*Asks:* 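First the structure, which I've put down as structure tokens, then a few questions once you've had a look.
Count residues from 1 along the sequence. It should be emphasised that the depicted structure is a prediction, and the values quoted were computed from it without experimental measurement.
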Amino acid sequence: MTLFSLEGKVALVTGAGSPGGIGFACSKALVQVCATVAVAATSERIHERATELAGGSRGFIADLTDADEVARLVTEVEAALGPIDLLVNNAGMTSVTDEESWLSITEMSPEQWRHGIMRNLDTAFLMTRAVMPGMVSRGFGRIVNVTSTSGTTCAMPNEAAYVAGKGGMRGLTLATAVETAASGVTCNAVAPGWIRTPSSLSAELEYGGRTPMQRMGEPAEIAAGVTFFCTPAASYVTGQTLVIDGGNSIREANPA
């Protein structure tokens, strides 16, 4: 067994439209270990990312909050590239077609709450639900959820829907893992801390400089954890969440 090769495997990475984002970094890392990668996002720019990846990669547009759109996406990916072996649920947070609302719990409307949960948790549920039966029937599959330290180890004010959605992804990871473990399918998660991406706000850049490592993380450092969970090296690992935050969540006091 080659521990770190994914040759012959087909991966689908969601939320991969940004050239400097975590999803695209995961896609590049999977191509480097010889996977054939399908990338999905909500806008036309995903085709640019697929062209940059090369290696037979294909781009697909879909609204992953819609079950019918998810079913169409899976059908199109498998028709183009073959059965999906690896799923990276990275869609969530913000996208170019959807602005994030930062509101306190008392200011947030029920509709805004549901929208945040739908974007950050329902997308992962619907994608997992769509690919799981095929993985189970073939006796192999790797599902990796990109959650966050928000919702798994900590929280920020005015982010209730985001924190609840990302925390829910941790629960979804556990539930999926126990349902599929006997079928050769694993489900794990990575929980990024402060990561430098094109959507990073000035306050986030400042917080990132206060981590124990005194810097923000890079998307490629998250992609390394995601890729590990997909490889044969992680074949006996399931239901786990790997925190990648430069040690930020283990320190008792943060400097002002």
*Asks:* CZ of R129: more than 12 outside heavy atoms within 6.0 angstrom?
*Replies:* no

*Asks:* So how far is it from Q240 CD to L242 CG, rounded to the nearest 0.5 Å?
*Replies:* 9.5 Å

*Asks:* For a side chain to side chain contact (heavy atoms under 4.5 Å, CB included) check, start with the C-alpha distance between M169 and T152, then their side-chain angles and the critical distance, and finish with the verdict.
*Replies:* CA-CA 9 Å; M169 286 185 78; T152 55; over 6 Å; no

*Asks:* Determine whether R72 and E69 satisfy the following criterion, salt bridge (Lys or Arg N to Asp or Glu O under 4.0 Å), listing intermediate values before the conclusion.
*Replies:* CA-CA 5 Å; R72 175 187 59 78; E69 285 274 291; 3.1 Å; yes

*Asks:* For R170 and T241, which I'm curious about, is there any donor-acceptor pair between the side chains at under 3.5 Å?
*Replies:*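 Yes, because at least one side-chain N or O of R170 sits under 3.5 Å from a partner of the opposite role on T241.
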
*Asks:* Testing L121, I143, V146 one by one against N89 for a side-chain contact (heavy atoms from CB on, under 4.5 Å), which residue passes?
*Replies:* I143

*Asks:* Any side-chain donor paired with an acceptor under 3.5 Å for Q112 and S109?
*Replies:*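 Yes - a donor-acceptor pair under 3.5 Å links their side chains.
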
*Asks:* Given the rule in the side chain to side chain contact (heavy atoms under 4.5 Å, CB included) test, do L87 and V144 qualify, once you have shown the distances and angles that lead to the verdict?
*Replies:* CA-CA 6 Å; L87 171 65; V144 185; over 6 Å; no

*Asks:* Using a strict threshold of under 4.0 Å (side-chain N to carboxylate O), is an ion pair present between R49 and E52?
*Replies:*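 Counted as a salt bridge, because a side-chain N and a carboxylate O are separated by less than 4.0 Å.
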
*Asks:* Could you pull out the closest heavy-atom pair between A177 and T238, with the gap in Å?
*Replies:*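 Smallest interatomic distance, heavy atoms only, reads CB-OG1, 3.4 Å.
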
*Asks:* For L201, does the CG atom have more than 12 heavy-atom neighbours from other residues, nucleotides or ligands under 6.0 Å away?
*Replies:* yes

*Asks:* Is the shortest distance from a Lys or Arg side-chain nitrogen in R215 or E221 to a carboxylate oxygen in the other one below 4.0 Å?
*Replies:* yes

*Asks:* Walk me through it: do T173 and N145 pass the test side-chain hydrogen bond (donor to acceptor under 3.5 Å, both in side chains)?
*Replies:* CA-CA 7 Å; T173 300; N145 295 323; 2.8 Å; yes

*Asks:* Which heavy atom of P212 sits nearest a heavy atom of G247, and at what distance?
*Replies:* CG-O, 3.5 Å

*Asks:* What closest approach, in Å, do G239 and N188 show between heavy atoms, and which atom pair accounts for it?
*Replies:* N-OD1, 3.2 Å

*Asks:* How about L205: does its CG atom have over 12 heavy atoms from other parts shown lying under 6.0 Å from it?
*Replies:*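 It does: L205 CG has more than 12 such atoms within range.
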
*Asks:* Keeping S183 on the side-chain end and G139 on the backbone end, is there a donor-acceptor pair under 3.5 Å?
*Replies:*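 Pair absent, no side-chain N/O of S183 close to backbone of G139.
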
*Asks:* Could you report the tightest heavy-atom contact between F60 and A38, atom names first, then the distance?
*Replies:*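 Closest pair (atom of F60, atom of A38, distance): CE1-CB, 3.8 Å.
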
*Asks:* Please indicate whether Y207 has more than 12 foreign heavy atoms, meaning atoms of other residues, nucleotides or ligands, lying under 6.0 Å from its OH.
*Replies:*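 12 or below, so no.
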
*Asks:* Measure the spacing between CD of E48 and OG1 of T51 and express it to the nearest 0.5 Å.
*Replies:* 8.0 Å

*Asks:* Let me see the working for T149 and V243 under side chain to side chain contact (heavy atoms under 4.5 Å, CB included), right down to the final yes or no.
*Replies:* CA-CA 7 Å; T149 50; V243 175; 3.8 Å; yes

*Asks:* So with a 6.0 Å cut-off around CE of M213, is the heavy-atom count from everything else above 12?
*Replies:*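 No, because the 6.0 Å sphere around CE of M213 holds 12 heavy atoms or fewer from other groups.
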
*Asks:* Between N158 and L103, is the side chain to side chain contact (heavy atoms under 4.5 Å, CB included) condition met? List the steps.
*Replies:* CA-CA 5 Å; N158 302 323; L103 299 168; 5.8 Å; no

*Asks:* Per the side-chain contact (heavy atoms from CB on, under 4.5 Å) rule, which among L86, I22, V88 passes with V226?
*Replies:* V88

*Asks:* Atom OG1 in T128, atom CE in M135: separation rounded to 0.5 Å?
*Replies:* 8.0 Å

*Asks:* Count the heavy atoms of every other residue, nucleotide or ligand shown that sit under 6.0 Å from CD of E111, and state whether that count exceeds 12.
*Replies:* yes

